[in-house]
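Input: a single structure, listed below in structure tokens.
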Amino acid sequence: MAGLEDNLRAVRARIDAAARASGRDPAEVALLAVSKTWPAADVRALAALGQRAFGENRAQELLAKAAEVGDLDVRWHFVGQLQRNKAAAVARLGAVVHTVDRESLALALDRAGEQAGRPVDVLLQVDLGGAAGATAARGGAAPDDVRVLADLVDRSPGLRLRGLMAVAPRDEDPGPAFDRLAALADRVRADHPEAVELSAGMSGDLEDAIAAGATIVRVGTALFGDRPLPCDREQVSSAT
Ligand SMILES: *Cc1c(COP(=O)(O)O)cnc(C)c1O
């Protein structure tokens, strides 16, 4: 608990410093606590310290953990690869889905949002390139396909287009990659002004992401510690 409190303070200080360094208001950058692999008790502890947004990358873990802290006023975000048959449950939870990267998933979530009676907030995941095998497994739409996907989401009554998301390529400096993402986000916003969110930056590269304009940073390790399972970037790339 003391550890979590110190970590939360340190991460917030990094966010503040990075925002100020690029002339931005720190209040424009939301912290998403990625609690994957960590118990619901840690979510509860961080929520008691004021943290409101939590992220998971596996639907089953998300649903189980959300049920355990169902009494808390928190918003869940899904940051992993989503199977279409889990779309309805994720929609019912009111989770923000950061990883819409293809038409079939958008259509499944659209139906789920209509059935749930409230549109699903979605971000489009962009593939920023890098070693072919690694990015293919990690997901993300090719940059050239993002605007067509944005139009589809915008036309879907069960979806609300909120912005773009990406994971930095493993084999490249994150700064230029996040700049490409931000330029694409500008083009999407020209057609869809409501797509204001840019979900980019993790424990290791949140400063670069904030410099490029991130409005949501997704932080796991720097808050909770090293994950006990063999994962980190592997977990980012595992499709479940
Ligand atoms: C796990 C994960 C994060 C958090 O990564 P850390 O390096 O632990 O901060 C962010 N985004 C996605 C998509 C993840 O799967």
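As the structure lists them, so they are numbered: ligands from 1, and atoms in each ligand from 1. Values in this document were obtained by computation on a predicted structure and should not be read as measured data.
Atom CG of residue L93 and atom NE2 of residue H77 lie 11.0 Å apart, to the nearest 0.5 angstrom.
By the neighbour-count criterion of 12 heavy atoms within 6.0 Å, atom CD of E172 is densely surrounded, having more than that number from other residues, nucleotides or ligands.
Between R227 and ligand 1 there is a heavy-atom distance shorter than 4.0 Å.
Heavy-atom proximity to atom 7 (O) of ligand 1, evaluated over K36, M202, Q125, is greatest for M202.
For ligand 1, the atoms sitting less than 4.0 Å from at least one non-hydrogen atom of T221 are 6 (P), 7 (O), 8 (O), 9 (O), numbered in the order shown with element in parentheses. With ligand atoms numbered from 1 in the order given, ligand 1 contributes 9 (O) to contacts under 4.0 Å with heavy atoms of V219. Each of the following atoms of ligand 1 lies closer than 4.0 Å to a heavy atom of V79: 12 (C), 13 (C). Taking every non-hydrogen atom of R218 and a distance limit under 4.0 Å, the qualifying atoms of ligand 1 come out as 4 (C), 9 (O), 10 (C), 11 (N), 12 (C), 13 (C).
Two residues are said to be in side-chain contact when any heavy atoms from C-beta on lie closer than 4.5 Å; V11 and V217 fail this criterion. Looking at heavy atoms from C-beta onward, F54 lies out of side-chain contact with D42 at the 4.5 angstrom threshold. Taking 4.5 Å as the limit, every side-chain heavy atom of S104 sits out of range of all side-chain heavy atoms of L107.
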